[in-house]
Amino acid sequence: MSASISIKNITKRYDSVTVLDDINLHIEDGEFVVFLGPSGCGKSTLLRMIAGLESITDGAIEIGEKRIDTLPPGQRGVAMVFQSYALYPHMTTRQNMAFGLENVKVAQDEIDRRVNDAAKILEIDHLLDRKPGRLSGGQRQRVAIGRAIVKEPKAFLFDEPLSNLDAALRGRTRLELAQLHQRLGSTMIFVTHDQVEAMTLADRIVIMHNQKIEQIGTPMEIYQYPVSRFVAEFVGSPPMSMLPINHIEKTTDGVTVEVSGAGTVATAITLPPEFKAKDAVIGIRAEDTEVVSEQEDGLDLTIKVVERLGDRTLLYGTLIDGTELIAEDSGRSKVKAGDMVRVAISPHAAHIFDGTGLAHHSQLEV
Amino acid sequence: MSASISIKNITKRYDSVTVLDDINLHIEDGEFVVFLGPSGCGKSTLLRMIAGLESITDGAIEIGEKRIDTLPPGQRGVAMVFQSYALYPHMTTRQNMAFGLENVKVAQDEIDRRVNDAAKILEIDHLLDRKPGRLSGGQRQRVAIGRAIVKEPKAFLFDEPLSNLDAALRGRTRLELAQLHQRLGSTMIFVTHDQVEAMTLADRIVIMHNQKIEQIGTPMEIYQYPVSRFVAEFVGSPPMSMLPINHIEKTTDGVTVEVSGAGTVATAITLPPEFKAKDAVIGIRAEDTEVVSEQEDGLDLTIKVVERLGDRTLLYGTLIDGTELIAEDSGRSKVKAGDMVRVAISPHAAHIFDGTGLAHHSQLEV
Amino acid sequence: MKALNYSPEHLTSNRRLFWIAALLGLIMMAPVAWIIGLSLKDNAELLKGTEAVFSFPYTMENYANILKSSSVFGWFMNSMIVAVGQTFGVLLLSSLAGYAFARLEFPFRKTIFIIVLFGLAVPEQAVIIARHQMFNWFDLHNTHIGLILPNLSSAFGVFLMTQFFRAIPKEIDEAAMLDNTSTFRIFWKVLLPLTLPAQATLGIFTFLQAWNDYWWPLISATKSDMYTLTIGIASSQTNFAQSEGLGFLGAQAIFASLPVVLVYIFFQRHIVTAVSGGAVK
Amino acid sequence: MAESYRRSRWSNGLFVVPYLSVFLTLLVFPLGWGIWLSLNKVDLFGGERFIGLKNYARVLSDPIFGQAVKNTVIFVGVSVPTLVILGLFLALALNKTTKGSSFLRGVFFASSILSVTIVTLIWRIVFIPNDGLMALIFEYFGWQPIGFLSTTGWSLFSVGVATVWWCIGLPMMLFLAALQQIPKDLYEAAALDNASRWRVLTRITLPSIKSTIMLVAIIQVVMQFQLFGQAQLMTNGGPAGSSRPIVMYIYEVGFLRWDIGMGAAASQVLFLIILCAAMLQYWVSTRKEETDA
Amino acid sequence: NTTIELQRFFGACEAEYGKVTDVSSAVGECGIITALVNKFEADNPDIDVNVTTVEWPGYDQLNAQLASRSEPDVVSMHYSAMSDYQSRGLLVPLDKLLKDQNIKPSDFTNAAISSVTKEGKVYALPFDNWTMLFHVNNNMMKKADLMKSNGKPILPSSADELFAQGKQFKDATGKPYLVQVTANETAVYARIFYTLLMQQDSKFFADPSRIDLSGKEAKAALTLMKDIMDKGLSTTNMDYPAAVAGFSNGAGGIAVNGTWLIGTYDAQSKQANNPLSDGYSVFPIPQFFKQKDVTYADGHGWVVPRGNRDDEKMAAIGKLFKFLYDNDYEWARTGHLPTVKTVIDSDKFKSLPHRSDIAKVAKTGQALPAQVLRQFAIQDILGEELGSAISGNKSMDDALKTAQYRINDLLENI
Ligand SMILES: Nc1ncnc2c1ncn2[C@@H]1O[C@H](COP(=O)(O)OP(=O)(O)OP(=O)(O)O)[C@@H](O)[C@H]1O
Ligand SMILES: Nc1ncnc2c1ncn2[C@@H]1O[C@H](COP(=O)(O)OP(=O)(O)OP(=O)(O)O)[C@@H](O)[C@H]1O
Ligand SMILES: [Mg+2]
Ligand SMILES: [Mg+2]
């Protein structure tokens with residue numbers, strides 16, 4: 001029942017404000033795609049346009065080769081799970097799930113079968129006669145998904161369905177969603193502005209920014225080869241540290257850059273001739289740093305805050321010239337706020353961004 | 001202005017339901033203590049009892065050696081930041097912050113000084129004339145904290161102040177709170193059920209469970225030496241994997257256990273004679289596992305779900321007998337769902353829990 | 001590629017319903033238009049037949065005649081004083097009581113609240129005689145106070161304000177408690193400002209009721225300089241007043257309604273937002 | 001031991017004292033007095049003589065009172081559902097932000113602000129034979145004229161029309177407010193669920209505003225049981241008492257016949273009827289809630 | 001200065017007559033009484049008259065004032081309402097006050113003075129008498145060939161004639177013979193019914209504390225009233241204003257209505273181009289039964305409610321009453337019948353339009369026995385029940401029986 005989705009030259013304007021500008025995207029049958037971007041970048045709008053809840057200013061949407069943007073929402077064959085779940089509060093779980101099928105006059109025994117199957121998959125069969133008011137957040141969420149499943153849609157659309165849950169539940173539910181996708185093999189689109197969610201769920205991530213699609217790629221592509229400084233800073237937690245570059249020198253392996261407060265760093269990055277050196281920065285992820293002993297080479301970092309995550313420890317500090325840098329240490333780190341530590345950075349993992357934000361990566365790694 | 005807090009034999013009952021049962025706790029002057037526990041365990045209740053918003057069934061509370069549970073909330077010298085912020089919607093930021101001081105007739109220039117100072121610390125000086133309706137979530141949060149700061153309280157109480165924020169903002173605000181604590185050096189109590197928050201913020205964590213305090217300790221103590229299976233499973237993300245123990249054998253270094261689906265594991269744990277072997281389990285954190293090549297020793301894990309967090313990758317899988325285990329691999333892991341990988345576990349980092357949930361740790365590590 | 005555009009608007013709106021409502025609206029307005037028409041006609045002309053409404057000439061004479069009566073402005077002022085006084089009184093009492101019922105604990109709170117709710121069902125006839133007698137004792141007849149007081153006992157306002165106060169998050173007053181705020185100051189400085197939309201709603205309803213009140217002013221204000229507009233206009237009709245002429249009557253109806261219409265137009269926005277509880281969230 | 005700051009205190013009761021004193025002196029005390037009067041033989045100028053429940057016996061055995069109760073019950077039974085359904089219909093039709101619908105909302109609410117004298121004046125001028133608006137319309141279409149105010153059956157109907165016209169604003173406003181509180185995404189979910197308009201109305205909208213429907217119905221029942229002005233001024237209860245409501249009976253007995261005791265007794269009976277009707281309604285609605293919770 | 005608080009109905013017309021002291025220039029009830037009071041104040045600078053106008057009939061307000069002991073000094077009151085107040089000791093006897101002003105009971109017409117005398121004392125200054133009349137549209141009567149050669153309409157002198165002429169009228173004009181108030185207000189039914197009973201010399205209030213409607217007279221009166229309706233002789237469904245306007249517009253031949261409309265209709269008859277132009281006349285209700293020439297009458301008087309008043313104030317009130325007595329003619333211009341014999345016999349009065357045609361009402365007019373209480377309430381009950389019978393909702397016997405039962409129940413429980 002699943003199908004591919006094509007978004008062709010979609011534009012959305014409210015009066016004079018352009019919210020989405022000429023978006024093109026093809027989603028494969030059975031793919032799990034996540035729209036990721038900062039708040040207000042138009043993710044929900046795009047999703048709701050696919051669902052038919054928002055009109056389209058320009059462009060077309062096709063599901064399984066068939067143009068659907070002229071159809072009413074109910075006839076597009078998509079199911080949506082809302083951020084607030086939008087369960088019908090006065091109906092039981094069973095009624096909530098059956099409602100859509102009753103509307104199109106599916107036979108009663110078929111409805112029962114589908115509802116029971118979905119309830120079993122989601123482990124909510126014991127909740128079928130409760131109303132939403134008496135369900136916990138996680139259970140509501142599952143009912144909302146169940147309501148989508150029973151319709152056997154061509155595609156599932158999720159609009160930040162996890163943002164109402166607390167951290168623990170969010171982690172669990174994320175896992176369940178991933179398993180669900182494996183089991184059903186349906187096309188799914190998931191909207192979020194939480195990059196951890198995006199990274200853990202997506203086959204491909206669509207990064208949206210400034211009314212445009214900034215990058216499309218697998219989670220690893222996006223994490224390791226961000227196309228721009230925006231993507232690099234937006235994806236990854238803690239965010240990538242950015243150190244201003246004073247001077248660049250070409251070597252055979254790549255370039256060696258002089259970073260204020262950190263001396264020279266040899267990288268494996270080759271820069272094209274048109275590279276704009278002004279305002280260029282070098283980006284380093286916390287996991288590409290290492291706390292080393294005083295004797296070894298490295299940068300001196302004055303620690304401001306220590307975040308102990310159990311399995312690892314994040315050190316937020318400043319270099320001698322005041323530039324901020326986040327370093328990582330092991331979970332059993334003894335570093336305290338106020339300490340000065342020596343940090344080595346792995347030059348091959350660094351990224352360079354030019355003045356316009358365009359990214360350049362090391363050619364060595366894979 | 002900060003002071004220590006002593007909670008002595010506090011009990012709280014609603015009619016016949018006991019919510020807190022004979023709680024004892026001493027918080028040092030200037031300490032940052034986090035109450036952590038599952039939803040409904042009584043964290044908010046305890047905090048609100050300190051603030052004076054909830055009556056005490058039995059026991060006493062002292063702040064700086066002075067008994068305060070008989071005073072009205074305003075006179076206890078504590079400030080509280082609510083989950084929903086509870087800003088006065090009709091007052092500007094400045095009025096919100098000044099209101100409490102005006103109530104006790106602080107001189108106007110003193111009020112101005114304190115409000116301006118606090119606003120500067122929190123970087124909200126440009127927002128002083130806005131009303132809450134025109135502030136973003138993070139800004140509201142800071143105003144709520146500012147309202148607490150200007151009162152120069154003996155202690156700050158926070159009731160899940162971050163749970164209304166989205167993931168990104170939550171991370172940033174967590175950092176700010178930690179810095180604020182360093183700057184002010186005040187006694188702070190922070191309630192949460194999010195263990196990441198607890199780990200990153202606390203000097204000491206108070207784990208609550210079943211109307212009782214389950215464990216008090218620094219984040220590292222709690223992470224590394226959980227006193228019980230409950231704490232071990234509650235703290236840490238992903239949660240510790242628990243493998244059932246079939247048989248235990250004493251060795252000179254500690255005990256060697258036979259785990260179903262995993263063979264024998266030699267640990268550095270010595271067990272007391274009264275140890276109850278029935279239903280005992282061995283606990284292993286994901287970071288204490290390693291994906292090794294087929295040739296090496298280890299357990300065969302069939303991967304169900306792969307969570308890529310960028311800097312590392314979590315592998316959720318099952319052992320041959322169906323036991324679930326979570327393993328960790330590097331951020332650049334190539335493992336896919338459905339793969340079978342060999343996982344080595346570090347025996348010294350393992351924990352053993354007996355049938356009643358009591359924990360036993362390796363004596364070697366520090 | 002131009003989007004053919006399916007508009008999701010139709011989810012909630014229905015054109016046909018709207019046009020039926022518009023038609024009903026015409027029917028609603030017809031009687032008022034009829035009265036306005038009559039009020040603009042010469043009475044003698046109307047005597048020959050009311051079809052005259054549909055043709056020229058029109059005249060303002062009926063209105064001029066009302067204004068010529070020197071007492072009208074005094075009555076108008078009385079109505080204003082009574083309506084405004086009653087509105088403020090009801091708002092104050094209801095807010096105080098609503099706050100206490102919604103937020104404070106005191107002995108017998110629930111019982112008292114239920115008793116007050118029973119008050120909603122008491123018909124005016126069941127109390128009016130005793131009230132009249134009581135006002136004798138205190139010499140309150142023919143005073144503004146005497147006209148204002150009785151409706152202050154209406155339980156509706158208390159009921160409404162209690163609901164509104166309940167809708168305000170509890171944390172707000174807890175925060176205020178921690179700010180060392182006295183109970184009264186919490187009410188006055190913190191919560192009351194948050195109920196402004198509710199005050200607007202209750203205020204408008206109370207004002208309308210006071211303005212249109214009939215029986216109590218009739219038997220309490222027995223001196224003509226204490227008449228309210230409603231009573232005054234009724235009294236100035238001759239016996240079998242109707243023979244005075246439909247136009248004049250129509251003009252009186254329009255004239256007496258004018259201030260409330262203005263109040264309504266002025267506060268209309270607030271009614272809608274207030275009733276929907278817009279601002280208190 | 002220690003007390004919570006939110007504890008129950010007498011001093012908190014001070015906030016209800018102002019209202020409560022007005023409530024007690026101007027409502028409860030007169031009500032008690034009214035009950036006392038109802039046990040006495042007394043006219044407008046005093047001369048009380050205790051006669052026990054005789055006034056009640058007279059009221060309850062008076063066929064005119066019986067007729068008034070019947071009229072009132074019929075009136076309430078027809079006008080309240082009409083107000084609720086019509087109010088609901090208008091709210092549904094006008095629940096939009098367009099200029100046109102906000103104008104119409106104003107139109108439908110505007111009549112609520114008129115006083116009863118003016119409302120009845122308007123409707124008498126509409127209903128009177130020969131020169132009335134209805135008469136002109138009937139004449140125009142060549143229909144047989146109807147004595148709206150002077151024919152048994154029609155008279156109560158005409159009072160009802162005026163009442164609905166007068167009172168429709170408040171239910172509409174309350175329903176509009178309730179409709180605006182329904183989360184928009186419920187409708188979006190329903191659209192994705194392929195629900196027809198009718199199913200959206202019956203399965204989403206109506207269940208969501210159930211409590212408001214109840215509230216409006218109770219308010220209207222309490223108000224319409226106290227029908228007086230419209231009947232007094234439009235039909236004077238006629239013809240043959242066929243449009244005389246309970247309150248008008250009370251007025252006639254108390255003020256025209258000066259029989260205050262009997263009037264008071266009738267008032268208490270009315271009070272009881274209203275109370276029972278409101279509580280019955282409340283009970284029915286909450287009971288249903290419980291059983292399907 | 002002495003201030004007299006005067007409370008009256010008759011409406012307010014400050015705008016038009018607030019300053020007028022020339023009584024002869026005023027028209028209408030409101031205009032004339034306003035001008036009269038103005039004139040009195042002008043004549044007596046030491047006396048202020050403070051007028052409160054109440055909505056007709058104003059007894060709710062008066063009751064409230066009496067109950068709260070804030071009574072005015074002088075109040076307008078119907079004769080039919082007086083016994084209620086007098087019997088409860090709420091009115092001050094005026095014998096001495098009138099005597100001091102040299103006004104003798106015998107100066108008034110019999111119909112007037114008997115209505116205000118209770119238990120041998122006079123309780124009001126009688127101001128006017130009014131009855132129901134036949135207001136006739138001569139123009140339509142002419143069409144129906146019901147005019148005498150002397151320019152007066154032919155009116156029935158028996159029930160049979162009534163039906164015959166009514167039919168003749170209807171056949172000729174297509175309009176009903178009578179224009180009656182049958183909707184909303186039922187008082188007219190009661191007044192006609194009283195008249196018809198009195199014409200049969202029925203002693204239905206032989207005992208003022210109970211009514212007797214069981215006799216054949218009551219049945220006969222009601223039968224006549226119902227036949228008028230059943231035979232289509234009357235307009236239907238008209239309320240008071242509709243009936244008043246209806247007659248003006250030629251809705252029927254004869255309006256059955258009160259004295260107070262004479263002025264209005266006469267004025268219309270003097271204008272051109274309306275159905276009444278040059279064709280209006282008015283007569284007492286014909287004698288349908290042979291026994292007695294009589295018609296039910298009521299009237300307005302001025303009473304003084306109980307209360308503490310010093311001699312000076314009583315004297316001032318006396319002066320006011322004397323003034324009103326002296327100006328009874330002016331009041332009679334409204335259409336009401338004067339109560340002062342000399343006025344009713346005067347040429348000045350007789351030369352007022354139509355007055356000679358109805359002057360005999362002053363003699364034939366008769367009120368209910370003065371001791372009958374709650375006449376307003378009785379009139380309502382009676383009107384309602386008669387209305388039921390006439391409209392066919394009840395049988396006549398049933399209606400009369402119910403009326404009698406309800407009225408007696410009311411009277412028993414006073
Ligand atoms: N009705 C509207 N009129 C004008 N602008 C609108 C309207 N609805 C949405 N927008 C704008 O469109 C932009 C995109 O909104 P959208 O809800 O799609 O953002 P989002 O990416 O889903 O953000 P979030 O993560 O906060 O949900 C926003 O800047 C918003 O302000
Ligand atoms: N008024 C009350 N009556 C009875 N039980 C109550 C009352 N208030 C709270 N409780 C119970 O007390 C327990 C503790 O509540 P509390 O709010 O302190 O939990 P919490 O630890 O803050 O949970 P959460 O993380 O969900 O905020 C809960 O089980 C709750 O059901
Ligand atoms: Mg969104
Ligand atoms: Mg809590």
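Values below: every heavy atom of this structure, side chains too, minus hydrogens, waters and symmetry copies. In what follows, every chain begins at residue 1, and chains take the letters A, B, ... in the order their sequences are listed.
No hydrogens or angles considered: a donor-acceptor pair under 3.5 Å links the side chains of Tyr187(D) and Thr205(D).
With Ile209(D) as the fixed residue, the side-chain contact (heavy atoms from CB on, under 4.5 Å) test singles out one of Val216(D), Ile204(D), Leu88(D): Leu88(D). Of the options Ile145(A), Thr192(A), Leu201(A), a side-chain contact (heavy atoms from CB on, under 4.5 Å) to Phe158(A) is made by Ile145(A) and by none of the others.
Identified by a heavy-atom distance below 4.5 Å to chain D, contributing residues of residues 120-130 of chain A are lacking entirely.
Interface residue Phe99(A): backbone and side-chain heavy atoms are both found under 4.5 Å from chain D. Contact of Val81(A) with chain D is not made at all, since no heavy-atom distance falls under 4.5 Å. Only the backbone of Leu87(A) comes within less than 4.5 Å of a heavy atom of chain D; no side-chain atom from C-beta onward does.
Under a 4.0 Å N-O distance rule, the pair Glu197(A)/Arg174(A) does not qualify as a salt bridge. The residues Asp69(A) and Arg67(A) are annotated as salt-bridged, a charged nitrogen and a carboxylate oxygen being separated by less than 4.0 angstrom.
Of the inter-residue distances, the one linking Phe190(A) atom CZ with Asp203(A) atom CG reads 13.0 Å to the nearest 0.5 angstrom.
For residues 69-92 of chain D, there are no side-chain hydrogen bond (donor to acceptor under 3.5 Å, both in side chains) pairs, not counting sequence neighbours.
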